[in-house]
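Beneath this line is the structure, given in structure tokens, with notes to follow.
Any value given below was found using the heavy atoms of this structure, including those in side chains, with hydrogens, waters and symmetry copies removed. Counting starts at 1 for both ligands and their atoms, following the listed order.
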Amino acid sequence: MAEASENRICRLEEVPDGDARGFSLGESDRHRVGLIVVRIGEDVRVYENRCPHRGTPLDWAPDRFMDENSEYLICSTHAALFRPEDGVCVSGPCEGESLKRKAAKVEEGVVILLPD
Ligand code: FES
């Protein structure tokens with residue numbers, strides 16, 4: 001998991017199109033927040049890396065967020081599937097719930113976290 005600084009999460013090019021990468025934001029361990037950046041073309045979605053079912057991180061290995069068809073984000077704990085574009089769980093124990101989305105924008109090729 002890469003380290004982000006202030007509100008700059010990463011460069012867009014660090015996340016392959018149609019895939020996702022994990023980052024952490026925050027100055028101390030106590031305030032550190034795990035984030036998932038999903039790339040959809042030149043746009044991104046940013047979610048907290050926290051499953052709505054039990055609160056565990058989704059990735060089963062560093063930066064492994066997608067299911068085998070690269071169609072959905074998958075939780076490594078109980079295999080819930082989430083739509084990349086809106087974070088809604090479409091299958092699994094938290095079906096109908098959502099990943100917590102964070103406001104973000106891409107500016108000059110940099111993914112920036114915006115205030116909630
Ligand atoms: S903790 Fe994610 S599906 Fe159970």
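Distances under 2.8 Å from atom 4 (Fe) of ligand 1 pick out the protein N/O/S atoms H53 ND1, H78 ND1.
Under a 4.0 Å N-O distance rule, the pair E107/K105 qualifies as a salt bridge.
Every pair tested for salt bridge (charged side-chain N to carboxylate O under 4.0 Å, His left out) that includes a residue from residues 65-81 fails, sequence neighbours excluded, so the list is empty. Counting only residues at least two apart or on different chains, the side chain to side chain donor-acceptor pair (under 3.5 Å) pairs with a member in residues 87-102 are K102-D116.
By the 4.5 Å heavy-atom criterion applied to side chains, Y72 and R83 are counted as neighbours. Contact of the V38 side chain with the F82 side chain is not registered, since no non-hydrogen atoms from C-beta on lie closer than 4.5 Å.
Under the side-chain contact (heavy atoms from CB on, under 4.5 Å) criterion, E42 pairs with L12, R39, not counting sequence neighbours.
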